[in-house]
Amino acid sequence: MHITIGVKIFGIAAGLLVLMGAAAGLSMRMTRTVDAQLVVLDKYYFPAYVRLAQANIHSVQESAYIRRLLLALDEGTPPDSTKIEDLRQRTRTSAEASDKELAEARERLNELIPDPIDFDDTVALARLDTHIEFLQEERRRYEAILAQLLEVAAAGQRSDENRILAELDSWRDDFDRRIEAARIEMRRLAGAAILGTRSFQERVVEISLALLALAGLLGLIVAAAVTTGLVRPVRRLLAGTAAVEQGALDTVVPVTSRDEIGRLTASFNNMVTELRVKAQIRETFGKYVDPRIVAGLIDRPELADPGGSRREMTILFCDMQNFTGFSEEMTPAALVTVMNRYLTVMSEPVREHNGIIDKYLGDGIMAFWGPPFTAADEHARLACLAGLDQLACLEAFDAELPHLTGVRRGLAKVQVRIGIATGEVVVGNIGSEQTRSYTVIGDTVNLASRLDGACKSYGARALISEATQREVGDAVELREIDTVLVRGKTEPEHVFELLGRKGNLSARQRELRAAYATALAAYRRRSWDEAVGGFESSLAIDPEDPPSRVMLARVLQFRERPPADDWDGVRVLEEK
């Protein structure tokens with residue numbers, strides 16, 4: 001059953017309201033009981049007590065009127081009949097009032113005894129009712145004796161009067177004691193009822209407070225439980241997010257609820273699974289294709305658009321000199337080990353300078369720089385720096401060869417050729433419907449390949465195109481080698497040799513570069529003798545400078561057999 005967070009929060013609020021309502025309802029019910037007890041006190045206990053007190057008072061008044069009536073009868077002859085009649089009336093009125101008050105007191109008690117509001121005094125009330133009933137009977141005996149006394153007094157029978165009066169006084173004293181005891185008992189019961197009501201009221205307050213506290217506590221416990229149930233998965237999700245952010249793609253957050261957070265957690269796990277799959281794709285295919293291309297194809301689907309686009313990029317070709325002879329001296333296993341290590345060493349400078357390795361061509365590497373992987377004004381410089389670092393890595397690689405091949409002596413040093421060209425290329429996914437490669441094609445790619453091959457003709461290690469020379473600026477040290485026309489091109493290209501980073505040339509290298517430039521200028525002017533002298537000067541500075549030897553041989557040939565009059569100093573390169 002799916003319970004949403006909104007329903008859970010509403011449930012908490014509703015539960016708290018129910019608990020508070022139940023506590024308030026019970027408190028109200030108990031308060032009504034207190035009110036009912038107060039009504040019983042006001043309607044029965046107090047009136048019964050008042051009636052007994054009034055009955056006692058009227059009885060005392062009756063006794064006083066009897067004394068005055070007896071005195072009036074004894075005053076002389078003839079007696080004052082008017083006064084006597086008034087006293088007789090007053091005596092009857094007080095007697096009747098006393099009887100009435102007693103009857104009403106019993107009436108209140110008889111109504112109180114079966115009342116459902118019980119103060120645990122039913123037996124005492126019943127006993128008090130019997131006591132008052134006895135007082136009523138005594139009142140009737142008293143009235144009979146009183147009538148006899150008044151007859152004797154009216155007849156002037158003094159001896160009988162005194163005897164009856166003494167009897168009546170004795171009875172009166174006993175009646176007063178009894179009615180006073182009834183009044184005191186009624187007061188005690190009323191006081192006990194008041195105390196009971198007050199105690200119950202205090203208990204009501206205590207129970208109400210306890211119920212409110214219990215309801216609040218239960219509400220807090222339920223709210224805490226539900227809140228914890230909501231917060232705990234959020235914290236787990238947050239911890240999982242932090243773990244994924246740190247690269248832990250094996251993170252799985254348990255789904256412990258079926259609300260929105262549960263669905264969010266499930267979506268998070270699915271997302272992490274997708275990220276893990278993409279990471280596995282990057283890791284697996286990154287060994288075959290540059291990881292940035294893999295990442296781009298996964299994260300940026302627009303790169304997979306088969307339409308392609310034209311961009312200015314810099315292309316680098318690098319291969320090993322005399323690979324065939326080098327490979328013939330090794331077993332297949334040793335050759336694979338050496339080539340894997342060689343390509344790793346040669347690839348590292350490319351990646352360090354943000355280049356994209358397009359493909360491995362046997363012992364060769366094709367790489368490119370340009371948007372969106374590098375800035376438009378950076379790709380030529382980065383490619384040249386990568387080429388220089390490739391040349392710098394050869395010494396360390398040569399030191400590894402004995403360990404890689406198991407041959408300690410007789411190993412030739414590894415040399416590489418590098419060709420770099422800058423220009424417009426077509427970049428995109430190129431291939432069949434089933435298999436494609438994100439690559440670059442165009443004349444600039446062909447030129448970089450031709451320059452790689454031209455290194456062989458000039459004995460140079462790294463040649464760059466004229467466009468690359470313009471783009472790279474003063475970031476590297478260069479030497480112009482020649483003007484060439486490669487296959488597939490209609491315009492000649494000034495070719496430059498990479499010598500080193502800016503400011504890293506020795507005085508000897510700078511002197512060689514100047515001498516070579518002077519000789520090249522004479523060569524282009526057809527000043528053969530001057531050109532011969534210039535290239536010989538270059539060789540005098542560095543006898544091992546291959547381009548100077550190549551150009552000197554060409555100038556000597558032209559001095560013997562000059563080129564046609566339309567010769568423009570351009571060398572046509574036929575080899576690829």
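All values below come from the heavy atoms of this structure, side chains included, with hydrogens, waters and symmetry mates left out.
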Determine, for Arg381 against Glu471, whether the closest basic-nitrogen to carboxylate-oxygen distance falls under 4.0 angstrom. no
Arg508/Asp542 salt bridge by N-O under 4.0 Å criterion: yes
Evaluation steps, side chain to side chain donor-acceptor pair (under 3.5 Å), between Arg470 and Thr468: CA-CA 5 Å; Arg470 288 194 303 269; Thr468 305; over 6 Å; no
In chain order, what residues pass the ring pair (Phe, Tyr, Trp, His ring centres under 6.0 Å) check against Phe268, with sequence neighbours excluded? none
Could you pull out all residues at least two apart from Tyr516 that satisfy ring pair (Phe, Tyr, Trp, His ring centres under 6.0 Å)? Phe535
Tell me if a side-chain donor or acceptor on Glu530 pairs with a main-chain N or O of Ser527 at a distance below 3.5 Å. no
Could you give the distance from [atom1] ([X]) to [atom2] ([Y]), rounded to the nearest 0.5 Å?
X	Y	atom1	atom2	value
Thr444	Phe368	OG1	CZ	13.0 Å
Arg571	Tyr523	CZ	OH	7.0 Å
Ile464	Leu478	CD1	CG	4.5 Å
Thr251	Gln246	OG1	CD	10.5 Å

Can you tell me which residue among Asp363, Leu391, Asp319 is in a side-chain contact (heavy atoms from CB on, under 4.5 Å) with Val416? Leu391
Stepwise side chain to side chain donor-acceptor pair (under 3.5 Å) test for Ser347 and Thr344: CA-CA 5 Å; Ser347 299; Thr344 299; over 6 Å; no
Can you list the steps and then say if Gln469 with His494 is a side chain to side chain donor-acceptor pair (under 3.5 Å)? CA-CA 9 Å; Gln469 180 265 338; His494 291 280; over 6 Å; no
Please list, chain by chain and in numerical order, all residues satisfying salt bridge (Lys or Arg N to Asp or Glu O under 4.0 Å) with Arg479, sequence neighbours excluded. Glu497, Asp545
Between Asp474 and Arg501, does a salt bridge (Lys or Arg N to Asp or Glu O under 4.0 Å) hold up when you go through it step by step? CA-CA 9 Å; Asp474 58 356; Arg501 295 173 182 265; over 6 Å; no
Determine, step by step, whether Glu477 and Arg510 satisfy the salt bridge (Lys or Arg N to Asp or Glu O under 4.0 Å) criterion, reporting the C-alpha distance in whole Å, the side-chain angles of both residues, the deciding distance to 0.1 Å, and the verdict. CA-CA 9 Å; Glu477 300 286 355; Arg510 290 194 297 271; over 6 Å; no
In terms of ring plane angle, is the pair Trp567 and Phe558 parallel, tilted or perpendicular, where the classes change at 30° and 60°? perpendicular
Could you check whether atom CE of Met271 has more than 12 heavy atoms from other residues, nucleotides or ligands sitting under 6.0 Å from it? yes
